[in-house]
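The figures that follow rest on heavy atoms only: side chains count, while hydrogens, waters and symmetry mates do not. Residue numbering restarts at 1 for every chain, and letters A, B, ... go by the order of the sequence lines.
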Amino acid sequence: MQIEIVVPQIGEAVSELTIVEWYKKEGDYIRKGDPLFSVDADKSVVEVESFTDGVLEKIVVRAGDTVYPNQVVALVKSEQETGKTSVSPTRDEWTVSGALLVKETSEDIQDIRTGEDHRNRPRTFISPRAKKLLNQRGIPLDELKVRGTGVRGIITEKDVVAYLSELMESASKSPQSAAESQAVEAHIQREETEASSVFHLKKVEEMITIKTEKKTQVLNVTSLIVPLVEKVKEGIVIVSIPHTTAALFLAEDDLQLRDDFIKIAENWLKELRPFTHVKSNNPNTEAHVLSALFGSQLVLVIKEGRLDIGKYQNLLFLEMDGPKERQIKIKII
Amino acid sequence: MTVVQALREAVREEMRRDSEVFVLGEDIRIGGSFLFTLGLLDEFGPQRVLNTPISESGFVGLAIGAAIKGMRPIVDFQYSDFIFTAFDQIVQQGSKLRYMSGGQVQVPIVFQMPTGASGRGAQHANSMESFFYHIPCIKIVSPATPYDAKGLFKSAVRDDNMILFCVHKHLYGSKGRNLVKSSLSVHHVPEEEYLIPLGKGDVKRVGRDVTLVANSLMLHYAFNASEKLMGEGIEVELIDPRCIVPFDVELVLESVRKTGRLVIVEESNERGGWGAQLAADVVATSFEYLDAPIIRVAAPDVPVPFAPNLEKAVIPDEERILSAVRNLMQGM
């Protein structure tokens, strides 16, 4: 059985590390607990121990190279016949990262680990899953202005996702905050990259929920899809939306063009009114027809972890009957 | 095929395969109380199908002795509730001999145990999985479907440990016994031989919103509930652990990491049940994946009442599972 050795999540805030040294070479027999390699994590160099027994078959990332949490750096052949082929965060890895947290000196960790700072703040109740997502995107809890919808009013993953898509939207709408927008996108990119290592091994299907805010609106969803295919060498991704009053298509993305899309969506079929389809006082025939015309599914080729699309092509989501919560389904074959 | 038919096939096949396998218990030459041994006397004769006196401690002791000497006894209980008079034999002797002898002796026994509440009052309604869950070196199997029952029983007979094979009284489908209404309770079982390894759970329904773990009779209630929830737009991932010891925690973790929500259903009293251990394991290893508190659906800490309306109030059912999941999914 082949086991992947991955870089543990070291601390809460560290996202980029450098491998300093390999203590073992290919072909060496390693035991659980043996120091395998060391990484430079911002302000400390940390030894990472093996969480398994076996023969070090291949070192994928050499010393001196940059790595990310959960990235595969080596392959170990284990004697065990049965078991999982992937190793998701285990207790052992936790012990490693737990120990590292103590050495960690970055500010937000200090913040998390010193009780006093929290004393004067009103407490926000957030689910562990939602908090993890927030941490991965580098957003402090007190910046999160949402009302929890979960059990006992707790903030859930869904609440955070809604908040993030709002954030993304407002960042991309105002040109002056382009840098901010990039930062948000970068956060998302990183988070999805981490998720995708698990994703690739365990799932081939993913569903992303986005929230639209206007009746008619264009959203660029390319960056939501890109990280999901990053670990796929060769394949096909089917991106679809299970909706009949929204559309998904490939197009160039700039603010003027977005306005034009909105203009067309709102006015193109105007002179044919009235239509016969009226559903609960919402005459949305135009949205249905344009959804059918623009299409709601894309089949794209993945090559070497990238979407094989043109330089100016983006995946645009066109809302025509918002504001609504919408889903994007991604299936990789 | 019903569970009891599947089990009868399993025991016959194992007795044909291995001459060391024999069955003992009360009235088993006429089939035993759930007709598990029906027909065995005709095929295998009185030497391998032993009727015992009403003396659980005595015949369990006999089985332990036979197992030590290399035989593979299967002990049939009328109601598993009667096993308590043999508690010392099982806990103090059987479960510990292999350990205390440094592996010099093995005690391979399968106890066939009709388990759970079935309208017969507090002394005939214990959930055995949880009673013996605390004791090391006893494996506990609790199948819910005919297919699982057969494959697991055959593995149990071949295992070198003491095994409590707990089948809920409403699952056998024996003549004259109540059978749970569920599309999983009676179905085709392949004729070819197959084994199901002990300690491997099974995903009975795939979903992405909430993980529901339920065993034995509760699996059927959970299955029916999950069907209704699907109509409400809630996708349940339903997991049957199939074995309580060893428990397939990894399967549950994998699912919870996907759904972020966990509801555990067991028939036994809530305090100290296997569900409590599972909840602790999930929190310890996958805390950051949880998007809501872990909810347990179990019986309150009272004996099971005799009055049918009160038994219904105590034992978890489809309604309780439904409301637990709905509460957990609020705001979703």
Side-chain angles (χ1 to χ4, degrees), chain A residues 9 12 51 69 81-95 97-98 125-136 146-162 191 194-195 197-199 201-209 242 325 327 329-330, chain B residues 155 195-201 203 206-211 230 233-235 237 239 243 246 248-264 277 279-297 323-332:
Chain A
Q9 178 74 45
E12 302 272 29
F51 49 82
E81 297 267 323
T82 54
K84 304 269 172 226
T85 47
S86 76
V87 179
S88 42
T90 63
R91 274 171 206 242
D92 303 286
E93 284 174 79
W94 279 38
T95 317
S97 47
F125 291 99
I126 180 165
S127 85
R129 192 183 184 95
K131 184 149 189 209
K132 183 186 179 211
L133 180 61
L134 216 52
N135 285 341
Q136 281 172 335
V146 297
R147 204 175 61 84
T149 60
V151 175
R152 300 197 281 273
I154 195 171
I155 296 169
T156 65
E157 183 185 34
K158 196 189 119 197
D159 300 330
V160 175
V161 169
E191 197 277 327
E194 284 167 22
S197 59
V198 181
F199 163 84
L201 293 164
K202 289 191 178 157
K203 297 189 264 183
V204 289
E205 280 181 80
E206 185 75 81
M207 186 148 105
I208 296 171
T209 302
E325 196 170 290
Q327 270 94 41
K329 289 183 170 179
I330 298 105
Chain B
S155 292
L195 296 171
I196 297 173
L198 305 183
K200 284 274 167 242
V203 177
V206 178
R208 63 187 155 80
D209 294 331
V210 53
T211 303
M230 202 149 67
I234 299 173
E235 274 188 26
E237 181 139 301
I239 293 179
C243 286
D248 195 350
V249 180
E250 202 45 53
L251 185 68
V252 176
L253 293 180
E254 220 170 274
S255 177
V256 169
R257 285 171 188 164
K258 177 173 74 174
T259 62
R261 287 178 168 69
L262 175 60
V263 176
I264 305 166
Q277 179 63 41
D281 286 344
V282 170
V283 170
T285 58
S286 298
F287 180 69
E288 76 279 32
Y289 289 90
L290 289 171
D291 210 13
I294 297 173
I295 302 298
R296 292 181 61 206
V297 179
S323 74
V325 174
R326 284 176 189 143
N327 283 340
L328 198 62
M329 296 304 295
Q330 77 183 51
M332 286 297 109

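Between A:V151 and B:L328 the shortest heavy-atom distance is CG2-O, 3.6 Å. Nearest heavy-atom pair, B:A292 versus A:S127, reported as atom, atom and distance to 0.1 Å: N-CB, 4.4 Å.
When each of A:K158, A:K131, A:E157, A:K132 is paired with B:D291, the side chain to side chain contact (heavy atoms under 4.5 Å, CB included) condition holds for A:E157 and for no other.
A distance of 12.5 Å separates CD in B:E288 from CG in A:L133, rounded to the nearest 0.5 Å.
For the pair A:R129 (side chain) and B:L290 (backbone), a donor-acceptor distance under 3.5 Å is absent.
Shown here are the salt bridge (charged side-chain N to carboxylate O under 4.0 Å, His left out) partners of A:E325, two or more places apart in sequence or in another chain: there are none.
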